[in-house]
Structure formats: structure tokens, C-alpha cells
Amino acid sequence: MTDIRRSILWVILVFSLILLWDQWQIYNGREATFFPTGQPPATETVPAADAAAAAVVAAGTAALPPAMATAPANAALPTATVLGAQPDAAVPPAPAPAAPRETVTVRTDAMELTFDSQGGALIGATLLRHYEEVGRELRDSQTPLRLLKQTAERTYVAQTGLIGGDFPNHTTPMRLVSGAPEFAPGQTELTLRFESEPVGGLVLAKIYTIARDSHVIGVRHEVRNVGAAAASPQVYVQLVRDGLQAGSDVPFYYTFTGPVVYSEAAKFQQIDFAHIRANEAEFQRTANDGYVAMVQHYFASAWLPETGVARENFARVVGPLYSVGSIMALGSIAPGQTQTLDTRLFVGPQYETELELIAPGLDLLKDYGWLTVLAKPMYWLLYQIHALVGNWGWAIVLLVVLIRAAFYWLNAKAYRSMAKMKAVNPRIMEMRERLKDSPQLMQQEMMKLYREEKVNPLGGCFPILIQIPVFIALYWVLLASVEMRNAPWILWIGDLSTPDPFFILPLLMMITTVIQTALNPLPPDPLQAKLMWILPFVFSIMFFFFPAGLVLYWFVNNVLTIAQQAYINAKMGVPLKFTLPNFKS
């Protein structure tokens, strides 16, 4: 009975080490050994968001092939020209440019946006309040972070166009026909209108509405039939990017990079790049609400069609790139008529409070994993504390204090049990040595001792186990929150999202972890006692590579744990002394 609590802790430790090993494998670009990651979460087969929605999407679209969303090379969607690849064989090549290809740049308070005259695509988005560099490098350079880009090394762009015939698409030359790319004094938003020449009897205009201080762009597609026959085009919107990781991952912590699809029916569905390439991606194809997005650590982009507009979602491979998007029907357009379709494009950081206001379910882009139900309230509390103190480091400190206060009585019960165990531990050690040849008699004597001293071997374990999900959830909150990026605390801690440059916090955390170990009763087994002292050092070494914000949270938690344990021991009259194993034996 005396080893039950230790056995449970060993199981937790072994399982934690397995998870850490898996995450280390993923971080180094290999498949996880025990729990392979990168697979989309299992979802039930959701019937077409509703039959009417599917019918609207399919109506009048004979050119739209079946299983379009999963086809590695879609005949109905033009190939992303950012590859330099040829359009698909079934799509006629775009007409030769009528004017030289050029770009238009708009600078707002939040972003610098670059539009390409080829297709009127958004090929650049620089987030002016976030920087490429993190940590101490910020002292020397503050280069704004480029999220959307089209360079020789990286590709990440937003494109739209028409399908269903030889119509204008994102490869079609367009020109800026109205709108100034600069804000006038006092102006809160501006409009850019890109327009194509007639292609297949249709003229496509893209009207971008850009707010001065927002990460959301309004995008209207205006289709005018200048031909002699009716046409039934469809609008597609897509995000195209390479399959490279974001570059801000943390060792032992896997952050998803890739497409996601959200709808009220199927909820949040991640789509792994490998599954798209293998044509094995599973997600809801048709819906009349939700969004499609590309996510990475801290940042995301998302197409947000209006709720109630039927759409077909797709994810596909485009050469070495990947795209995710939606197709929406415009219906039949008679000669001389014009049809419009409005949507929005989000490009920016995963500020949870802002995402909640933009669209339903958009806050799920910030993924907390399976403990979201606990993580979201913790983030809310952390956000409220920051609103009062104005510093994310002190907000972390105060949040840990509040959590420890909430669990004070539960922890007190555990520490009282551990104090009693520590008091009787010498007698247990003596008993194990004296009766080591009579295991059954030893167990009987130990049970008798527990009854006499009113000691519960599990009393110090269960209260701690109950709190583990809470602290794991807080761990994810700190690692997933973009607010920690470039956020200083005090003195040498200039960025809570990067490791302590001088390793001061990890060293302090290691010292407090060792003190905690010394305050706890040693296992009767000498080998377990030695391992119990070695593991804190091994565990602490990992924290040398963790973000400073996470180490700060753990260090403060250790300090409060030691203080409460010392207080409980003093009230019970148990001497506060360290127990050390005999490393010579």
C-alpha cells in the first residue's frame, strides 16, 4: 500500500516522458513514435451541411468535376501561378497582359498590403505591430513581420477568381481603375477597385475595402456580363502557401501549421499537408456558414464568406504548394446584368478577444487542444489581469497566485498528508529493512502503522492529480498566446515567448524544484529515492529551452508551493528539514 502513491506518480512521469519524446520527434521533422501527430481529428461524417446548400453549389456548374475538393490537380480551378507552373489542361490560358504587371501597396495603421495586378491577388501582408525578430535581437532591429509573401523562398498569398467557364481568374491581368492607395487625413477606410478586361463574355471587378486600423479586409466580387449569352460562373476564394513550418515552434511543443475548415455542423477541422498530398484529407465539403483558413503558430489568415451563402470547401495540392478555399455560385447572369458576392479576408495575429468579434468560431484558430474548456477561461482571466497591470509578465505572476489561492485548501490537505508521511517515514524504512524477508508481514505492519497514525498514502496524490489539467491548460495558454511574443517583463527578460537569454529563470526554477523534492518524503526503495532526486535536474534542463513566460509561471508556482508546504509543516509541528538519499549505497 505504501508504494501506491509512488506507482501513480511513476505512471504519470513515464507517460509525460513518452509525450515529450513524441513532441521532440515532431520538432525535428520526424513522425511521432508512440502517438503520431499531424492527422486531422476524427470527425463524424457530416451530411452535406444541408441538401439545399449542395444543390445551390452544383446548380449550373457542369464544368465542376466531382470530388473537386480533393483532386490533387483540379481541372476547374486554375493552377496557382505563384508556382510558375502551367495552368491545368482543362483551363484555357489567360489572355496576354494588356499592360505591364505591377503592384499596388497600401499602408494602414496595422498592416502594409501588396496587391498584384495579375488577378488582383493579395501577395503581401506585413504586420506593422509585430516583428520578424524575437528576443534580444529586437534591441538591434525591428523589421515588421511579413505574413503573406511571395518570394523565392516562401509563398503565402490570397487569391480569388471565377470558374465554370473561360472566365477571369487569379491569372487574368487586371488594373486598378479607382481608389487611392493612401489614406487621406481623417479617412477611416479606403476602397481599391481592380477590374479585368472581358474574358468569356464576363468582366470581373474586385473591390477591396480596407479599414485604417483592422486586420479584416472587405472583398466584393462584381461580375458583369458583357457577352451575348447568359453565363453561370462561380466565385472561388483560396489561400495558397508552402508547407514549411512557421519557425516559431518550441521544443517539446507541437504547433499545427496548415489549412483548417470550420462550420457550425462539423466545427473546427485541421487538415494536414501530408493528407492533402495523399488525397486522404477528411473535412466537411459543403456548408452555408463558417470559414476556411491557413494557421501557424501565433498568426493566421481566413476567408470569411457571409453566413447563409452556400459554398463548397476544397483543399488541394498545387505543385509544391497547398491551397484551401471555397467555391460559391453566383447563379445565372443574363447579358447586360451584374451580380455581386461579398466576403471578408482576415490576415493577422491570433488575438483571441478580437477573433471572437470578427466571426463565429474564428477564435478557434488559436488552438488549445483537448483542454480548451479550461484554457479559454484562463486566458480570459490572464487578459483581465493584464488590463489592470499592463505587463504580461506580472499578469502571469498574479494569475499563478490566484490559481494557487483557489486550490489552497486542496493543496493544504495534500501537504498535511505528506507531512504525516514524512514523520512516519523513518519507521517505515526501519520496518522495510527489518521485515524485508517477510513481505506479507511487512504489509500488515505498515497498514497497522497507517491506521494508528491516521496516515493515507494516497492523501498527497489525489489533490495534486486534480490540479494537473488546470496547469496543463495554463501551459498551453502561455505557449499559444501571441501576446507573449515580443512582450517584455523586467530587466533582462525582453521577450516572454523566447528562452531566458542568461538562463537565470531556468536556474531559479531548478533550485526551487530541488527544494520541493527535498521537502517531500523519500520513497522507501533506495533506487526510487535516488531517481526522485535525479529527475528534477533532468526535468529542469528542458526548461532552459522553454519560453521565459512558461518558466516564469513554473518558477512562481514552485515558490508558492514551497511557502505553503513550509507553512503547513510549521502548523503541524513537523520540522522543516531536507531529506537526502544515500547516494553511496
Side-chain angles (χ1 to χ4, degrees), residues 52-65 68 75-78 87-88 90-99 101-102 104 115-122 158-180 189-210 217-238 288 303 305-312 325-345:
V56 171
V57 171
T61 57
L64 187 64
M68 174 279 305
L77 279 174
D88 298 322
V91 179
R101 185 173 176 179
E102 58 184 6
V104 177
F115 298 91
D116 191 348
S117 64
Q118 178 170 295
L122 180 62
Q159 302 170 333
T160 72
L162 301 179
I163 57 172
D166 181 16
F167 302 139
N169 54 51
H170 68 268
T171 69
T172 303
M174 304 183 82
R175 58 192 178 91
L176 181 65
V177 296
S178 66
E189 66 177 30
L190 59 80
T191 300
L192 300 179
R193 181 186 180 94
F194 290 89
E195 194 168 293
S196 73
E197 295 297 326
V199 179
L202 298 182
V203 172
L204 171 62
K206 298 182 185 180
I207 301 96
Y208 292 95
T209 302
I210 305 166
I217 306 166
V219 186
R220 168 170 288 186
H221 295 84
E222 184 179 285
V223 183
R224 186 170 73 255
N225 190 341
V226 296
S232 299
Q234 295 172 298
V235 173
Y236 68 88
V237 295
Q238 67 178 358
N288 55 11
W303 280 109
E306 292 186 338
T307 299
V309 175
R311 81 288 307 264
E312 182 172 350
S326 297
I327 297 173
M328 294 153 283
L330 281 174
S332 179
I333 307 176
Q337 289 188 337
T338 299
Q339 291 278 13
T340 62
L341 179 73
D342 290 322
T343 186
R344 294 180 297 160
L345 174 63

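Reckoned from all heavy atoms, side chains included, excluding hydrogens, waters and symmetry mates. Predicted model only: the values in this text are computed from it and were never measured.
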Q: Ignoring hydrogens and angles, tell me if any N or O in the side chain of Ser117 forms a donor-acceptor pair with the backbone of Glu102 under 3.5 Å.
A: yes

Q: Measure across Ser332 and Ala230 and return the closest heavy-atom pair with its distance rounded to 0.1 Å.
A: OG-CB, 3.9 Å

Q. Would Val199 and Asp166 count as a side-chain contact (heavy atoms from CB on, under 4.5 Å) if you check the C-alpha gap in whole Å, the side-chain angles of each, and the deciding distance to 0.1 Å?
A. CA-CA 7 Å; Val199 179; Asp166 181 16; 3.8 Å; yes

Q) Out of Gln238, His170, Lys206, which one pairs with Thr160 under the side-chain hydrogen bond (donor to acceptor under 3.5 Å, both in side chains) rule? A) Lys206

Q) Short question: side chain of Arg311, backbone of Val309 - any donor-acceptor pair under 3.5 Å? A) yes

Q: Locate the shortest heavy-atom distance separating Asn225 from Ala231; write the atom from each residue and the value.
A: ND2-N, 3.8 Å

Q) Just how far is it from atom OG1 of Thr209 to atom CZ of Arg193, taken to the nearest 0.5 Å? A) 11.0 Å

Q. Going from CH2 on Trp303 to CG on Leu345, what distance comes out if it is rounded to the nearest 0.5 angstrom?
A. 4.5 Å

Q. When rounded to the nearest 0.5 angstrom, what is the spacing between CD1 in Ile210 and CG in Leu192?
A. 4.5 Å

Q.
Tell me whether Tyr208 contacts the main-chain N or O of Gly120 through its side chain, where contact means a donor paired with an acceptor under 3.5 Å.
A. yes

Q) If you look at every heavy atom in Glu195 and Val177, which pair is closest and at what distance? A) CB-CG1, 3.9 Å

Q.
Under the criterion side-chain contact (heavy atoms from CB on, under 4.5 Å), I'd like the reasoning laid out for Phe194 against Val104: C-alpha separation, chi angles, the key distance, then a yes or no.
A. CA-CA 10 Å; Phe194 290 89; Val104 177; 4.1 Å; yes

(Q) Test of understanding: with side chain to side chain donor-acceptor pair (under 3.5 Å), list the residues that count as partners of Ser196, not counting sequence neighbours. (A) none

Q. Looking at CD of Gln118 and CG of Asn169, how far apart are the two atoms once the value is rounded to the nearest 0.5 Å?
A. 9.0 Å

Q.
Could you measure the distance from the OG1 atom of Thr340 to the CZ atom of Arg220? Nearest 0.5 Å is fine.
A. 5.0 Å

Q. Where is the tightest heavy-atom contact between Ala121 and Ala158, given as atom of each residue plus distance?
A. CB-O, 3.5 Å

Q | Nearest atoms (heavy-atom pairs only) where His221 meets Val237 | A | CE1-CG1, 4.1 Å

Q: Kindly compute the distance separating CG (Asp116) from CZ (Arg101), expressed to the nearest 0.5 Å.
A: 4.0 Å

Q. How close do Val223 and Leu204 get, heavy atom to heavy atom, and via which atoms?
A. CG2-CD1, 4.0 Å

